[in-house]
A.B. asks: 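Take a look at this one; I'll ask things after.
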There are 2 protein chains.
Amino acid sequence: MTEPPVVAPGPVVIAPIVIALDIAAPALADRVAALLASVPGLRLAAAGEPADAVLVAPGATPPADPDTALTPREREVLALLAEGASNKAIARQLGISTHTAKFHVGSLLDKLDATGRTDAVAHAARIGVIHL
Amino acid sequence: MTEPPVVAPGPVVIAPIVIALDIAAPALADRVAALLASVPGLRLAAAGEPADAVLVAPGATPPADPDTALTPREREVLALLAEGASNKAIARQLGISTHTAKFHVGSLLDKLDATGRTDAVAHAARIGVIHL
DNA sequence: CTGCCACCTGCCCGGTTGGGCAGGGCGCCC
DNA sequence: GGGCGCCCTGCCCAACCGGGCAGGTGGCAG
């Protein structure tokens with residue numbers, strides 16, 4: 001039996017954060033595992049091992065309905081909606097007019113089948129389009 | 001004026017994986033954010049930004065700040081807000097006047113420190129007062 | 001070259017929101 | 001009995017929201 005290595009006194013060593021993966025898509029899981037494996041201070045949990053945190057990705061992808069796929073601009077607007085921004089604030093932050101901001105908000109309401117911006121944000125959070 | 005660098009043909013550049021954090025414990029969240037911020041190929045999502053994956057950890061309870069403790073009626077109103085209900089719809093469903101519904105909404109905005117109902121719902125979801 | 005998509009802008013209108021102010025009743029605690 | 005918190009109602013006003021309609025430009029694929 002080999003003896004455990006002697007740890008010299010020194011600064012307190014913080015245990016690495018143990019992260020488990022719960023990602024259905026193999027390609028994404030492989031990429032994430034490869035990236036995290038080399039991060040000092042982190043280590044990936046073995047199968048079944050309790051973890052400090054779990055990295056999850058939606059197993060069921062958001063509906064692949066073309067009508068509900070959001071454009072990059074719409075996603076930007078949605079992120080700002082989720083921060084409670086008004087159309088005016090959205091326009092200011094994106095450097096567009098309030099009419100354009102309203103146009104994108106309207107598109108979001110249509111694609112998310114929402115009755116208003118609050119409903120859109122809540123719905124988007126439920127289906128995993130955004131994370132609050 | 002320096003010429004733009006020539007990019008030699010090589011492997012296709014892959015967009016970074018966007019990771020959101022849903023970790024209530026501030027110390028753990030800070031450590032993870034610090035470790036992940038320097039990983040090539042990964043980047044942390046801004047608040048509300050759609051992410052490829054979410055890192056979650058068992059959370060501490062929401063802050064027990066008396067000023068933010070919601071009354072039973074306020075919780076009812078908040079639940080309806082999270083469904084996108086208008087003040088009129090809230091009034092109808094709770095059997096109260098629209099003025100009273102507006103009064104409760106106003107109290108919620110005050111207690112949650114929100115700028116509007118959308119902000120209130122998003123914030124309440126973030127701190128765990130409601131689940132979407 | 002053409003058509004389509006994404007993004008952009010303006011105008012108008014009715015409805016909604018949010019805040020402030022006024023007031024009230026009821027139940028509970030000191 | 002008095003004070004307080006919760007819940008309720010009304011009115012007014014400015015600002016905002018959402019929808020409809022009109023139009024434009026630039027980039028890209030066929």
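Here is the naming used below: chain letters follow the sequence lines, and residue numbers restart at 1 for every chain.
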A.B. asks: Nearest whole angstrom, please: distance from the C1' of D:dG18 to the CZ of B:R117.
C.D. replies: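 Roughly 14 Å, once rounded to whole Å.
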A.B. asks: Identify which nucleotide among C:dT9, C:dG18, D:dG19 has an atom closest to any side-chain atom of B:V105, counting heavy atoms from C-beta outward.
C.D. replies: C:dG18
A.B. asks: Which of these nucleotides, C:dC8, D:dC7, C:dC7, is closest to any side-chain atom of A:T100?
C.D. replies: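 Nearest nucleotide to the side chain: C:dC8.
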A.B. asks: Between C:dT17, D:dG18, C:dC8, which nucleotide gets closest to the side-chain atoms of A:F103?
C.D. replies: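 Closest of the options to the side chain of A:F103: C:dC8.
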A.B. asks: What is the distance, to the nearest angstrom, from the CD1 atom on B:I90 to the P atom on D:dC7?
C.D. replies: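 Spelled out: CD1 on B:I90 to P on D:dC7 is 14 Å.
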A.B. asks: Return the value, rounded to whole Å, for the distance between atom CG of B:N87 and atom P of C:dT16.
C.D. replies: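 From B:N87 CG to C:dT16 P: 10 Å.
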A.B. asks: How many Å lie between NZ on B:K111 and C1' on D:dC6, as a whole number?
C.D. replies: 9 Å
A.B. asks: Measure from the side chain of B:H99, starting at C-beta and using heavy atoms only, and say which of D:dC7, D:dG10, C:dG18 lies closest.
C.D. replies: D:dG10
A.B. asks: Tell me the closest heavy-atom pair linking B:L109 and B:A120, and the distance in Å.
C.D. replies: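 Smallest interatomic distance, heavy atoms only, reads CD2-CB, 3.7 Å.
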A.B. asks: Nearest to the side chain of B:S86, heavy atoms from C-beta on, is which of D:dC6, C:dT16, D:dC16?
C.D. replies: C:dT16
A.B. asks: Separation of B:L108 atom CG from C:dT17 atom P, in whole Å?
C.D. replies: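 Nearest whole value for this atom pair: 14 Å.
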A.B. asks: Tell me: CG of B:D119 to C1' of C:dT17, nearest whole Å?
C.D. replies: 14 Å
A.B. asks: Closest approach to the side chain of A:K102, judged atom by atom: which nucleotide of D:dG19, D:dC7, D:dT9 is it?
C.D. replies: D:dG19
A.B. asks: Choosing from D:dC17, C:dG10, C:dA6, which nucleotide comes nearest the side chain of A:S97?
C.D. replies: C:dG10
A.B. asks: Quickly work out the A:R75 CZ to C:dA6 C1' distance and round it to whole Å.
C.D. replies: 13 Å
A.B. asks: If the cut-off is 4.0 Å, is B:T71 near the phosphate of D:dC7, judged by side-chain N/O to OP1 or OP2?
C.D. replies: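 Checking D:dC7 against B:T71, a side-chain N or O does come within under 4.0 Å of OP1 or OP2.
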A.B. asks: Determine whether A:L94 and A:R73 make a side-chain contact, defined as any pair of heavy atoms from C-beta on separated by less than 4.5 Å.
C.D. replies: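 Yes; the side chains approach each other to less than 4.5 Å.
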A.B. asks: Which residue, B:E74 or A:K88, contacts DNA chain D at a nucleotide closer to its 5' end, judged by nearest heavy atom?
C.D. replies: B:E74
A.B. asks: Take atom CG of B:D30 as the centre, draw a 6.0 Å sphere, and report whether it contains more than 12 heavy atoms from other residues, nucleotides or ligands.
C.D. replies: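 Correct, the count exceeds 12.
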A.B. asks: What's the spacing between B:I19 CD1 and A:H131 NE2 if we round to 0.5 Å?
C.D. replies: 11.0 Å
A.B. asks: Between P on C:dC26 and CZ on B:R73, what's the gap in Å once rounded to a whole number?
C.D. replies: 17 Å
A.B. asks: Check whether any side-chain heavy atom of B:I90 sits under 4.5 Å from a side-chain heavy atom of B:K102, and report yes or no.
C.D. replies: no
A.B. asks: Need to verify one output field. Residue with the more 5' nearest nucleotide on DNA chain C, A:A101 or B:T118?
C.D. replies: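 Upstream on the strand: A:A101.
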